[in-house]
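Each chain gets a letter, A, B and so on, in the order the sequences are listed, and its residues count up from 1. Computation of the quantities below employed the complete heavy-atom set of this structure, encompassing side-chain atoms and omitting hydrogens, waters and symmetry-equivalent molecules.
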There are 2 protein chains.
Amino acid sequence: MAELFSLLGDPNRLRIVLACLDGPRSVGEIAEEVGASQSLTSHHLRLLRTARLLRPERAGRSVRYVLDDDHVRDVIRTMVSHVCDPHEHRDGEARPDHP
Amino acid sequence: MAELFSLLGDPNRLRIVLACLDGPRSVGEIAEEVGASQSLTSHHLRLLRTARLLRPERAGRSVRYVLDDDHVRDVIRTMVSHVCDPHEHRDGEARPDHP
DNA sequence: GCGATACATGCACACTTGTTCATGTATTCG
DNA sequence: CGAATACATGAACAAGTGTGCATGTATCGC
């Protein structure tokens with residue numbers, strides 16, 4: 001589990017995953033969108049693929065990557081919320097007493 | 001955002017956060033529960049505190065740490081789901097065709 | 001078949017990062 | 001006050017990791 005977070009912890013890798021949020025993307029598209037070299041992109045894709053975060057789909061002579069699971073989408077979305085509205089809802093379970 | 005994921009990406013740090021999921025914990029308790037030295041625990045707590053993932057509360061002569069935000073709780077919960085039932089709900093938006 | 005395009009992989013290196021040891025600071029009790 | 005407990009911090013080092021370069025493999029068009 002820590003390994004999964006760690007994978008999302010690299011800026012380029014996170015950008016790669018973000019690039020795949022809106023649907024399948026080829027390696028070339030990802031590389032361009034992320035602004036990384038093809039080699040680097042492929043290296044990272046390998047890690048993300050091995051960790052089952054992304055899944056490859058052959059499409060002709062290019063390979064397109066997709067989120068392997070929707071949980072990932074949720075995780076990222078929630079984290080975005082956290083960054084945007086840090087304390088939108090600070091208490092959620094049961095903590096009746098407070099200063 | 002990548003930095004947040006990166007912080008959760010270290011096993012010890014993740015354990016620390018997990019230890020705080022069920023409520024405030026003192027540094028000593030965390031160190032013991034995680035199985036790390038006091039120094040190491042404090043170092044990690046510093047990072048988590050700086051990143052606004054955890055928040056310290058003075059309680060007498062000990063300091064207790066709490067989740068700063070419930071989004072974090074959600075992120076972790078979702079990630080747990082992902083690990084437990086990888087493909088519980090693979091499609092969430094619109095992808096009608098499958099093998 | 002051959003060349004070209006699109007992607008993957010191995011290696012090497014610089015740099016970050018987790019950990020430990022030692023020391024510093026704050027709070028409580030006598 | 002001083003001693004003790006609980007936590008924080010600084011320096012230093014080993015180990016992991018992201019990146020670039022070069023090269024390897026697969027698919028499409030000719």
Asks: Are B/L47 and B/V72 linked, directly or through other ILVMFWY residues, by side chains that come within less than 4.5 angstrom of each other?
Replies: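 Result: yes, single cluster for both.
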Asks: Testing the basics here: between A/S37 and A/A31, what is the closest heavy-atom pair and its distance to 0.1 Å?
Replies: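 So the minimum-distance heavy-atom pair works out to O-CB, 4.3 Å.
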Asks: Are the side chains of B/V83 and A/L4 in contact, using a 4.5 Å heavy-atom criterion?
Replies: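 Side-chain contact under 4.5 Å: yes.
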Asks: For a quick check of understanding: with a heavy-atom distance under 4.0 Å over all strands, which category does B/T41 fall into, base, sugar-phosphate or nothing?
Replies: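 Here B/T41 touches no strand at all.
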Asks: Do A/E33 and A/I30 touch side chain to side chain, with heavy atoms closer than 4.5 Å?
Replies: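 No, too far: nothing below the 4.5 Å cut-off.
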Asks: Which listed nucleotide (C/dA8, C/dG18, D/dT19) is nearest to the side chain of A/H44?
Replies: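 Of all the options, the side chain of A/H44 is nearest to D/dT19.
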Asks: Between B/Y65 and D/dA6, is there a side-chain N or O to OP1/OP2 distance below 4.0 Å?
Replies: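 No.
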Asks: Base, sugar-phosphate or nothing for B/S39? Non-hydrogen atoms, less than 4.0 Å.
Replies: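 Answer is base: heavy atoms of B/S39 come under 4.0 Å of a base.
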Asks: Given atom CZ of B/R25 and atom C1' of D/dC7, what is their separation to the nearest angstrom?
Replies: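 Nearest whole value for this atom pair: 18 Å.
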Asks: For DNA chain D, which residues of residues 7-19 of chain A approach it to below 4.0 angstrom with any heavy atom?
Replies: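 Within residues 7-19 of chain A, the residues near DNA chain D are A/D10, A/N12, A/R13.
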Asks: Would you classify B/R49 as touching base, sugar-phosphate or nothing, given that sugar-phosphate means primed atoms plus P, OP1 and OP2, and contacts are heavy atoms under 4.0 Å?
Replies: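 Here B/R49 touches the backbone only, sparing every base.
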Asks: Distance check needed: D/dT9 C1' versus B/L40 CG, whole Å only.
Replies: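 Computing the B/L40:CG to D/dT9:C1' distance gives 13 Å.
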Asks: In whole angstrom, what separates B/L48's CG from D/dA8's P?
Replies: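 These atoms are roughly 12 Å apart.
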Asks: Whole angstroms only, please: what is the CD-P distance between A/E3 and C/dG18?
Replies: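 Roughly 15 Å, once rounded to whole Å.
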Asks: Regarding B/S42, tell me which of base, sugar-phosphate or nothing describes its non-hydrogen contacts under 4.0 Å with the strands shown.
Replies: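 It contacts base atoms.
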Asks: Kindly point out which of C/dT27, C/dA4, D/dA8 is positioned nearest to the side chain of A/R61?
Replies: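 Ranking C/dT27, C/dA4, D/dA8 by closest atom to the A/R61 side chain puts C/dA4 first.
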Asks: Would you indicate whether A/R64, at its atom CZ, is surrounded by more than 12 heavy atoms from other residues, nucleotides or ligands within a distance under 6.0 Å?
Replies: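 Result for CZ/A/R64: open.
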Asks: Rounded off to whole Å, could you give me the CG-to-C1' distance for the B/L47 and C/dT19 pair?
Replies: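 Between C1' of C/dT19 and CG of B/L47: 12 Å.
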Asks: Answer yes or no: does a side-chain N or O of A/R58 lie under 4.0 Å from OP1 or OP2 of D/dT27?
Replies: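 It does, given that an N or O in the side chain of A/R58 lies less than 4.0 Å from OP1 or OP2 of D/dT27.
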Asks: Specify the separation, in whole Å, of atom CD of A/E57 and atom C1' of C/dA6.
Replies: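 Roughly 17 Å, once rounded to whole Å.
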Asks: Taking atom types as they are modelled, is there a donor-acceptor pair under 3.5 Å from the base of D/dA8 to the side chain of B/Q38?
Replies: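 Side chain to base: pair found, below 3.5 Å.
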Asks: Of the options B/L45, B/D68, B/V63, B/L48, which is the one that meets B/P56 in a side chain to side chain contact (heavy atoms under 4.5 Å, CB included)?
Replies: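 Only one of B/L45, B/D68, B/V63, B/L48 forms a side chain to side chain contact (heavy atoms under 4.5 Å, CB included) with B/P56, namely B/V63.
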Asks: Let me know the distance between CZ of A/R46 and P of D/dG18, rounded to the nearest Å.
Replies: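 Computing the A/R46:CZ to D/dG18:P distance gives 14 Å.
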Asks: Determine the contact category for B/H43: base if any of its heavy atoms lies under 4.0 Å from a base atom, sugar-phosphate if only primed atoms, P, OP1 or OP2 are that close, otherwise nothing.
Replies: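 If one applies the 4.0 Å heavy-atom cut-off, B/H43 turns out to touch a base.
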Asks: Are B/H82 and A/L53 side-chain neighbours, meaning at least one heavy-atom pair lies under 4.5 Å?
Replies: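 In short, these two side chains touch, coming nearer than 4.5 Å.
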Asks: Please examine the side chains of B/M79 and A/L8, heavy atoms only from C-beta on, and report whether any two atoms are closer than 4.5 Å.
Replies: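 Result yes, sub-4.5 Å side-chain heavy-atom pair found.
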Asks: Could you tell me the separation between the CG atom of B/L54 and the C1' atom of D/dC7, rounded to a whole number of Å?
Replies: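 Atom-to-atom, B/L54 to D/dC7, this comes out as 15 Å.
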